[in-house]
Protein chains: 2
Amino acid sequence: MPRLVASDVARTLRERIMSGDWADRRVPPERALAAELGVARNTVRRAMRLLSADGAITRHVGRGTFVVTAPPAGPDVDGTDDLAGTIARMEGASPADIMEIRLLLEPAAAAFAATDASIGDLAAVEAAHREAVAADDMPGFETWDAEFHHRIFACARNELLREFHALVRVLRNRAPWFDMKKRSFSETRRLAYCQEHGAILAALLDRDPEGARGAMHAHLKTVETNILRR
Amino acid sequence: MPRLVASDVARTLRERIMSGDWADRRVPPERALAAELGVARNTVRRAMRLLSADGAITRHVGRGTFVVTAPPAGPDVDGTDDLAGTIARMEGASPADIMEIRLLLEPAAAAFAATDASIGDLAAVEAAHREAVAADDMPGFETWDAEFHHRIFACARNELLREFHALVRVLRNRAPWFDMKKRSFSETRRLAYCQEHGAILAALLDRDPEGARGAMHAHLKTVETNILRR
DNA sequence: GCTAATTGGTTCACGATCGGCTCAGAAAGA
DNA sequence: TCTTTCTGAGCCGATCGTGAACCAATTAGC
């Protein structure tokens with residue numbers, strides 16, 4: 001097996017950057033790092049290239065390598081489209097509206113996932129399901145429940161759909177959602193959710209788009225009744 | 001029938017992927033697997049080919065074989081919202097992905113609109129329709145076409161849905177969409193669009209949710225064929 | 001100001017590893 | 001017998017890590 005040392009080196013360098021070593025922003029020279037890590041300079045150079053591609057460091061011939069502190073994110077100056085405003089208005093979305101959107105997006109995503117998902121994707125969904133079943137406290141279950149839903153979106157080959165759900169997920173973590181979830185949480189409901197998740201997962205593993213769509217729809221209907229007390 | 005060892009091997013490899021071995025995404029080299037399973041390398045290769053065709057693994061000469069997992073992108077488990085990242089990733093959405101989303105949202109919005117819209121809302125939709133019919137140049141029609149669709153969303157009583165469509169609308173004005181629309185524009189197509197818009201509007205005025213949903217779906221299918229050249 | 005040391009950038013050769021490919025022969029059904 | 005499948009072997013090309021040399025820009029010391 002090739003040893004893939006470069007990515008390991010990149011990881012340790014990242015950790016050092018994060019941990020605040022080199023707070024003066026100065027990174028030791030390649031040759032020194034190579035000696036210290038017991039690795040060839042070319043290998044260090046590859047790792048550096050990864051970091052540089054991420055924008056984590058800047059390099060100058062003759063001067064050295066430096067940690068980038070200023071966030072590379074230039075807030076879009078163009079401002080032509082009112083994206084920020086759109087997002088801001090989304091923040092005020094009501095739980096009922098959010099549920100309506102989820103009922104629109106998630107069954108479709110489940111159907112896509114049933115046809116598009118790779119084995120690895122499904123393994124990830126299954127792992128999230130197992131974690132959710134194992135979790136017995138409310139925050140733990142909440143995390144893995146969200147992860148379960150998100151990984152289903154990740155199966156679908158539509159990036160935009162994935163990002164839309166990321167947006168919904170953010171909204172779900174805002175008030176007044178979080179409080180409502182907390183109030184409506186109970187062990188019996190958690191078990192019911194796990195069972196419904198299991199049905200969804202089974203349909204995905206069967207590669208049954210309509211089954212997945214139906215199972216997801218049923219699950220969300222349950223959630224809706226619980227959350228909105230209908 | 002011959003022994004079909006290859007598919008057996010493929011099955012056991014699938015099981016190992018699902019069981020979470022190789023969680024680091026690295027699959028042992030063919031030669032190692034062949035030795036371990038007591039089978040020829042060519043047989044392992046056939047099995048690998050099956051998995052690769054499924055999209056379960058990716059393979060690179062000189063590097064090795066890796067399990068395909070859901071892209072780590074997306075809202076990380078660390079809980080940060082990363083709205084900016086979400087928006088940034090949306091910008092790169094492909095026309096095909098956007099069409100898929102539109103096909104998901106807009107028929108539903110039309111159905112909602114048929115039941116929820118006020119008289120004034122419908123008058124606004126009708127006005128946009130008339131303007132689109134009257135416009136004979138590409139930018140003018142484009143504007144009123146977008147406005148027509150947007151006003152239908154405005155009819156729905158779901159603010160979040162409205163904002164989601166605002167997002168889609170922003171993306172539609174980005175490259176490479178705009179170019180594709182421009183290329184696909186023609187007078188006959190404009191007339192076809194106007195006619196389909198008329199059908200949607202008629203269903204809305206009839207307060208016929210399913211009719212509106214169907215008309216919108218048919219319209220978007222037309223757009224899809226024109227834009228994506230299918 | 002000039003020189004030498006430092007530092008990143010580039011290139012090469014080498015060996016090891018790994019997937020891609022081909023071929024001849026054995027084995028097992030039809 | 002004929003076809004399909006598996007086996008075993010060999011060769012190719014790609015990637016990676018190593019080690020080394022040399023270049024170019026910058027800095028420090030004189």
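Numbers restart at 1 for each chain; the letters A, B, ... are given by sequence-line order, proteins then strands.
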From C-beta outward on [X], which listed nucleotide comes closest to its side chain: [options]?
X	options	answer
A:V61	D:dG10, D:dA25, D:dG17	D:dA25
A:R31	D:dG19, C:dG19, D:dC22	D:dC22
A:T43	D:dT26, C:dG8, D:dT18	D:dT18
B:R46	C:dT22, C:dG19, D:dC6	D:dC6
A:A6	C:dC21, D:dC6, D:dG17	D:dG17

Just how far, in rounded Å, is [atom2] of [N] from [atom1] of [X]?
X	N	atom1	atom2	value
A:R63	C:dG9	CZ	P	12 Å
B:R26	D:dT15	CZ	P	15 Å
B:R45	C:dT22	CZ	P	10 Å
A:R41	D:dG17	CZ	P	16 Å
A:E30	D:dG17	CD	P	15 Å
B:L51	C:dG19	CG	C1'	15 Å
A:L33	C:dG8	CG	C1'	13 Å
B:M48	C:dC21	CE	P	15 Å

Applying salt bridge (charged side-chain N to carboxylate O under 4.0 Å, His left out) between A:E30 and each of A:R49, A:R46, A:R59, report the one that passes.
-> A:R59

Under 4.0 Å: is that the gap between some side-chain N or O of A:T65 and OP1 or OP2 of C:dG8?
-> yes

SB check B:R162 A:D97 (cutoff 4.0 Å) =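 So B:R162 does not pair with A:D97 through a salt bridge.
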
Do the charged groups of B:E159 and A:R89 touch, with an N to O distance under 4.0 Å?
->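 Answer for the salt bridge query: no.
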
Base D:dT5 paired with B:N42 side chain (donor-acceptor, <3.5 Å) |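 Answer no: no donor N or O sits under 3.5 Å from an acceptor.
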
On DNA chain D, check which nucleotide each of A:G62 and B:A40 is closest to and give me the residue with the more 5' one.
->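 Result: B:A40.
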
Over 60° means perpendicular and under 30° means parallel, so classify the ring planes of A:F141 and A:H197, tilted if in between.
-> parallel

Check the angle between the aromatic planes of B:Y193 and B:H219 and answer parallel, tilted or perpendicular using the 30° and 60° thresholds.
-> perpendicular

